[in-house]
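A short worksheet on the structure shown next.
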Amino acid sequence: MIEKIQQLLAEVEQLTAQNAEELEMLRIKYLSKKGAINELMADFRNVPAENKKEVGMKLNELKNRAQEKITALKEAFESQDTGGCDLDLTRTAYPVDLGTRHPLSIVKNEIIDIFSRLGFSIAEGPEVEDDLHVFTSLNFAADHPVRDMQDTFFIESNDTDVTKNVILRTHTSSVQVRAMENSQPPIRIICPGRVYRNEAISYRAHCFFHQIEGLYIDKNVSFADLKQVLLLFAKEMFGAETKIRLRPSYFPFTEPSAEMDISCNICGGKGCPFCKHTGWVEILGCGMVDPNVLEASGIDSKVYSGYAFGMGVERIANLKYQVKDLRLFSENDTRFLKEFEAAN
Ligand code: PHE
């Protein structure tokens, strides 16, 4: 009998179980009414009286060990389930690092805020676009060299019909096209979003950046309206003393087109290395929407006119915060991002 007990004891010490069912099988095998230990208990009465004490002690030891072992295995499962085994509720709190808003988000929100006060609502669209919305509907002729103005990333190219090319959008004007297709004037939207251009990455260029473009279409919209809105924006963004100047330019989708400079907000227009000693810095492109563009999206150009403008968020952020290297905006270096804590 002693031998049998020893053998069971050795077995019990080795017990392992992979899951709750296996554990239950073990419990039945050793500890249930008909289990191995109870069977030995039943045999106990046949043990000669002089051995009863020793055998009884051993039997009890076996039973206790088996119970302990099975409880321990059960606890191991339970703590695994809750993952709570190393949760120390008495530990003192440690200082938690708070995140900060990204400088581009701060500037973007500020721009959106200014234009929302002027009645513009936000429109968004896909980053993977077709040629039709990025170029063709915006008056970029299929074989015209003006397409090279924006170095495009192609995802799928279609030899017979360029309008079917699938590309990464090079500007958020594509969102404006979608808005014109889907609604009739008055349309007054701004389109914030990420755009992509195939440029070598350096301190002053990146293969992606962020834009906010605006579009206003209604009856009798004039260049004077455009100029007034942009002046107000410049003063809100860079301070009441900011001046603007418009220089003639060219975009396929606007006529007339202009580029807008603001008086350098770093030297106040006196001339400094930032504005290359001119006193002015360029911040956006704009113009009156070309009638061809309105017609391409189903808007009657004899009834309606409109203006559009577009700016790079990085450019505005640079002017506001004088970030010398554009790459910092996308490297997620927390030392750089922390500097904008106060602006949050
Ligand atoms: N889409 C132009 C660009 O990305 C900017 C622009 C928008 C110019 C609207 C004029 C009018 O360069």
Side-chain angles (χ1 to χ4, degrees), residues 108 111-112 115 118 120 122-127 129 131-141 144-153 167-180 187-199 204-217 221-231 233-234 244-262 281-294 296-297 299 301 304-316 318 326:
K108 180 186 82 175
I111 300 172
I112 289 176
F115 284 106
L118 293 169
F120 286 78
I122 296 176
E124 285 182 332
E127 294 183 10
E129 262 289 9
D131 177 282
L132 190 68
H133 290 92
V134 178
F135 293 131
T136 305
S137 295
L138 286 162
N139 208 25
F140 287 78
H144 199 283
V146 73
R147 279 172 185 257
D148 298 340
M149 260 170 88
Q150 302 182 349
D151 303 292
T152 311
F153 281 117
I167 61 181
L168 292 180
R169 67 181 179 194
T170 56
H171 53 182
T172 53
S173 304
S174 52
V175 184
Q176 307 183 340
V177 173
R178 287 183 179 275
M180 289 189 281
I187 298 173
R188 201 198 303 244
I189 51 166
I190 44 170
C191 314
R194 184 174 287 179
V195 300
Y196 301 84
R197 292 189 194 179
N198 190 1
E199 303 226 12
R204 51 195 288 270
H206 210 296
C207 57
F208 63 79
F209 59 98
H210 299 80
Q211 276 191 334
I212 296 190
E213 296 210 355
L215 174 72
Y216 177 40
I217 303 175
V221 177
S222 73
F223 201 94
D225 297 323
L226 169 63
K227 194 173 160 191
Q228 193 56 33
V229 159
L230 294 180
L231 176 63
F233 165 71
I244 63 167
R245 86 177 174 188
L246 290 160
R247 285 178 290 104
S249 183
Y250 174 75
F251 300 103
F253 36 91
T254 46
E255 182 61 34
S257 306
E259 264 160 323
M260 185 175 98
D261 299 337
I262 58 164
V281 279
E282 184 199 317
I283 64 162
L284 56 79
C286 59
M288 299 306 291
V289 181
D290 192 304
N292 283 346
V293 173
L294 296 176
S297 302
I299 292 176
S301 64
Y304 296 107
S305 57
Y307 62 70
F309 56 85
M311 68 189 93
V313 180
E314 279 82 352
R315 178 106 188 117
I316 307 287
N318 259 343
L326 206 63

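Whatever order the structure lists ligands and atoms in, that order sets their numbers, starting from 1. Quick caveat, the model's predicted, so the values are computed rather than measured.
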E314 and H210: CA distance, side-chain angles, deciding distance, side-chain hydrogen bond (donor to acceptor under 3.5 Å, both in side chains) verdict: CA-CA 7 Å; E314 279 82 352; H210 299 80; 2.8 Å; yes

Has the side chain of E127 got a donor or acceptor atom that lies under 3.5 Å from a matching backbone atom of V195? no

Testing Q211, E213, H133 one by one against S173 for a side-chain contact (heavy atoms from CB on, under 4.5 Å), which residue passes? E213

Roughly how far, to the nearest 0.5 Å, is NZ of K227 from CE of M260? 11.0 Å

Donor-acceptor pair between T136 and D131 side chains, under 3.5 angstrom: yes

Report every pair formed by an N or O atom of ligand 1 and a protein N or O atom separated by less than 3.5 Å, giving atom names and the distance to 0.1 Å.
residue, atom, partner, partner atom, Å
ligand 1, 1 (N), H171, ND1, 2.9
ligand 1, 1 (N), S173, OG, 3.1
ligand 1, 1 (N), E213, OE2, 2.8
ligand 1, 4 (O), R197, NH2, 3.0
ligand 1, 4 (O), Q211, NE2, 2.8

Could you tell me whether R204 atom CZ has more than 12 heavy atoms of other residues or ligands within 6.0 Å of it? no

